[in-house]
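Scroll down for the structure; my scribbles are underneath it.
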Amino acid sequence: MQDIYYPSKDGKNTVHACLWLPQGKAKAVVQLIHGMCEYAERYAPFAQFLNEHGYIVCADDHLGHGKTAKTEEDLGYFNDQLDYNIVIEDIHELKLTVQKQTGELPWFVLGHSMGSFFCRKYISVYGNEFIGAVIMGTGFKSSFTLNTALSAVKASARSRGWRYRSSTIKKLAFGSYNKKFRPARTGNDWLSKNPQNVDAYEKDPLCGFDFTNNGYFILFSIIKQACSTPVINAVPKNLPVYFVAGALDPVGDYGNGVIRAVNKFHKAGVKNVSLTLYEDSRHEILNDDCKQQVQNDLLAFFEGILNGEAYGAAQTDKG
């Protein structure tokens, strides 16, 4: 793995990113967009799997995450401007930076969880630069729900500041996620049915930290953007988009929110949309017990596009 550093569009921070190169000739690049309260290097096993099949992989640590966060106090804080577009532009800057090494190779993009919503916005702006997109661990929320959440964050910020870490906002965002898995062993059982993965997440100081009001404001704002009709309508109609999620993932309302997002893409006229829900799997499907099947399915998606195969409205459930 190679470390990459470049200036953030916030004019203040330096973004850290990872680059994994295969041995021998590369056939394409896969850009990963990580989720909330995690970081790029967590995707090393998946990146190495793709390297073995001839793919270059890159991923940045977003502002407020991983090695991009200068201090522990910066974890969960994006930028002073309260601007999700800065995160989008940092993601795109990684693409431009890596392209200087890779030349004109085909590019895929994959976003997980919070990163799935950034990815949905990203492909509405830069989708013509990719030959395929994977939306992993996503969902769909109404404008009313998100406006309510944003109002709560702004009220908290007015009284306590944008760096305040509100237990009330956290409960609003995630309080119901463990209900389906009672009796829960930890507060993060919803992430994975695999206890080793949950324990590793909980022990990692760069995972599971509490978001600031600033972080929640940008999180809810990007979800609102990603679920909006104008953003979905702006996705290139011929871009193959593959939705994957655990059927027991509360972020996707146990499949219902993912299906709703897929239907919105169909309604917008995106022609090549497919979906796989992994039965009995939770949020982190690349770390859950289904991970080998997920890796194989994603590889098949990438290979199929490179080989000129069409992807359509297929919808499957896998155990």
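Between Phe211 and Phe209, the ring planes are parallel. Angles under 30° get that label, and only those over 60° would be called perpendicular. The aromatic rings of Phe265 and Phe243 sit perpendicular, their planes meeting at an angle over 60°, well past the 30° parallel limit. Taking the six-membered ring where the residue is Trp, Phe46 and Phe49 present parallel rings, their angle staying beneath 30° rather than reaching 60°. Ring-plane geometry between Trp190 and His283 is classed as tilted, the angle between the planes lying from 30 to 60 degrees on a 0 to 90 degree scale.
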Q: Take Ser8 and Thr68, measure what side chain to side chain contact (heavy atoms under 4.5 Å, CB included) needs, and give me the verdict at the end.
A: CA-CA 9 Å; Ser8 168; Thr68 298; over 6 Å; no

Q: For side chain to side chain contact (heavy atoms under 4.5 Å, CB included), just list the numbers for Gln295 and His53, CA-CA rounded to whole Å, side-chain angles, deciding distance to a tenth of an Å, and then say yes or no.
A: CA-CA 11 Å; Gln295 289 183 343; His53 293 275; over 6 Å; no

(Q) Apply side-chain hydrogen bond (donor to acceptor under 3.5 Å, both in side chains) to residues Asp297 and Tyr278 and explain how you reach the verdict. (A) CA-CA 11 Å; Asp297 290 344; Tyr278 295 88; 2.6 Å; yes

Q) Given the rule in the side-chain hydrogen bond (donor to acceptor under 3.5 Å, both in side chains) test, do His92 and Glu129 qualify, once you have shown the distances and angles that lead to the verdict? A) CA-CA 10 Å; His92 191 240; Glu129 299 183 16; 3.0 Å; yes

Q) Please walk me through it: do Glu284 and Arg42 pass salt bridge (Lys or Arg N to Asp or Glu O under 4.0 Å)? A) CA-CA 11 Å; Glu284 288 199 336; Arg42 291 191 78 223; 2.8 Å; yes

Q) Going through the checks in order, is the side chain to side chain contact (heavy atoms under 4.5 Å, CB included) test met by Ile91 and Gln31? A) CA-CA 9 Å; Ile91 291 167; Gln31 182 174 5; 3.4 Å; yes

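Taken from CG in Leu206 to CD in Glu41, the straight-line distance is 9.0 Å, to the nearest 0.5 Å. The distance from atom CD of Gln196 to atom CG of Asn287, rounded to the nearest 0.5 Å, is 11.5 Å. Distance check: Asn51 CG to Met1 CE gives 11.5 Å after rounding to the nearest 0.5 Å. Of the inter-residue distances, the one linking Leu286 atom CG with Gln292 atom CD reads 10.5 Å to the nearest 0.5 angstrom. The CG atom of Asp90 sits 15.5 Å away from atom NZ of Lys95, with the distance rounded to the nearest 0.5 Å. Separation of atoms CD (Gln23) and CD (Glu52) is listed at 9.5 Å; rounding is to 0.5 Å.
Cluster membership for Tyr164 and Leu75, using ILVMFWY side-chain heavy atoms within less than 4.5 angstrom, is not shared. Residue Leu146 is not grouped with residue Leu172 when hydrophobic side chains (ILVMFWY) are merged at heavy-atom distances under 4.5 angstrom, including chains of intermediate members. Using a 4.5 Å cut-off between side-chain heavy atoms of Ile, Leu, Val, Met, Phe, Trp and Tyr, with links allowed through other members, Val273 and Val109 fall into the same hydrophobic cluster. Linking ILVMFWY side-chain heavy atoms closer than 4.5 Å, directly or via other members, places Leu105 and Leu21 in a single hydrophobic cluster. Follow the hydrophobic side-chain contacts under 4.5 Å out from Tyr177 and you never reach Val198; the two are in separate clusters.
Between Pro240 and Ile305, the closest heavy-atom pair is CB-CD1, 3.7 Å. Here the closest non-hydrogen pair linking Tyr39 and Gly66 is CB-CA, 3.7 Å. Considering all non-hydrogen atoms of both residues, Gly139 and Cys227 come closest at O-SG, 4.3 Å. Smallest separation of non-hydrogen atoms from Val231 and Arg120: CG1-O, 3.9 Å. Closest of all the heavy-atom pairs between Trp20 and Ala47 is CD2-CB, 3.4 Å. Residues His16 and Asp3 share a closest heavy-atom pair of NE2-OD1, 2.7 Å.
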Tabulate below the donor-acceptor pairs under 3.5 Å that side-chain atoms of residues 213-226 make, not counting sequence neighbours, or state none.
unit_1	atom_1	unit_2	atom_2	d
Asn213	OD1	Ser156	OG	3.3
Asn213	ND2	Ser156	OG	3.0
Asn213	ND2	Gly161	O	2.9
Asn214	OD1	Phe78	N	2.8
Asn214	ND2	Asn79	O	2.7
Ser221	OG	Phe217	O	2.6
Lys224	NZ	Asn147	OD1	2.6
Gln225	OE1	Tyr84	OH	3.4
Gln225	OE1	Lys121	NZ	2.9
Gln225	NE2	Tyr84	OH	3.3

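Under the 3.5 Å distance criterion, the side-chain polar atoms of Asn194 are matched with a main-chain donor or acceptor of Asn197. Not one N or O on the side chain of Asp60 forms a donor-acceptor pair closer than 3.5 Å with the backbone of Ile4. At distances below 3.5 Å, at least one donor-acceptor pair connects side-chain atoms of Arg163 with backbone N or O atoms of Glu73. Distance alone, capped at 3.5 Å, places no donor-acceptor pair between the Asn272 side chain and the Leu239 backbone. In terms of modelled atom types and a separation under 3.5 Å, the side chain of Ser166 and the main chain of Ile169 share a donor-acceptor contact. Counting only distance, with no hydrogens or angles, the side chain of Asp61 and the backbone of Ala40 share a donor-acceptor pair below 3.5 Å. The backbone N or O of Asp189 sits nowhere less than 3.5 Å from a side-chain atom of Lys193 that would complete a donor-acceptor pair. Using modelled atom types, no side-chain atom of His65 and backbone atom of Gly76 make a donor-acceptor pair closer than 3.5 Å. For the pair Tyr242 (side chain) and Thr276 (backbone), a donor-acceptor distance under 3.5 Å is absent. With hydrogens and angles ignored, the 3.5 Å screen pairs a side-chain donor or acceptor of His34 with a backbone N or O of His62.
Ile131 places a side-chain heavy atom less than 4.5 Å from the side chain of Leu306. Taking the side chain as every heavy atom from C-beta outward, Thr145 and Thr148 never approach each other to under 4.5 Å. Using a 4.5 Å heavy-atom threshold, the side chains of Leu94 and Val15 count as separate. Residues Phe130 and Pro236 form no side-chain contact, since every pair of their non-hydrogen atoms from C-beta on lies 4.5 Å or further apart. Looking only at side-chain heavy atoms (C-beta outward), Lys141 and Phe117 stay at 4.5 Å or farther from each other.
For the side-chain hydrogen bond (donor to acceptor under 3.5 Å, both in side chains) criterion with Ser192, the lone passing option out of Asp288, Asp289, Asp199 is Asp288.
By the 6.0 Å contact criterion, CD on Glu72 is open, its count of non-hydrogen atoms from other residues, nucleotides or ligands being 12 or less. Crowding of Lys237 atom NZ: a count of heavy atoms from other residues, nucleotides or ligands under 6.0 Å exceeding 12. In Lys291, the NZ atom is not crowded: 12 or fewer heavy atoms of neighbouring residues, nucleotides or ligands sit closer than 6.0 Å.
No cation-pi contact links Lys27 to Phe302, judged by a cut-off of 6.0 Å to the six-membered ring centre and 45° from its axis.
Note: Phe118 and Tyr122 fail the aromatic proximity criterion, with ring centroids not under 6.0 Å apart.
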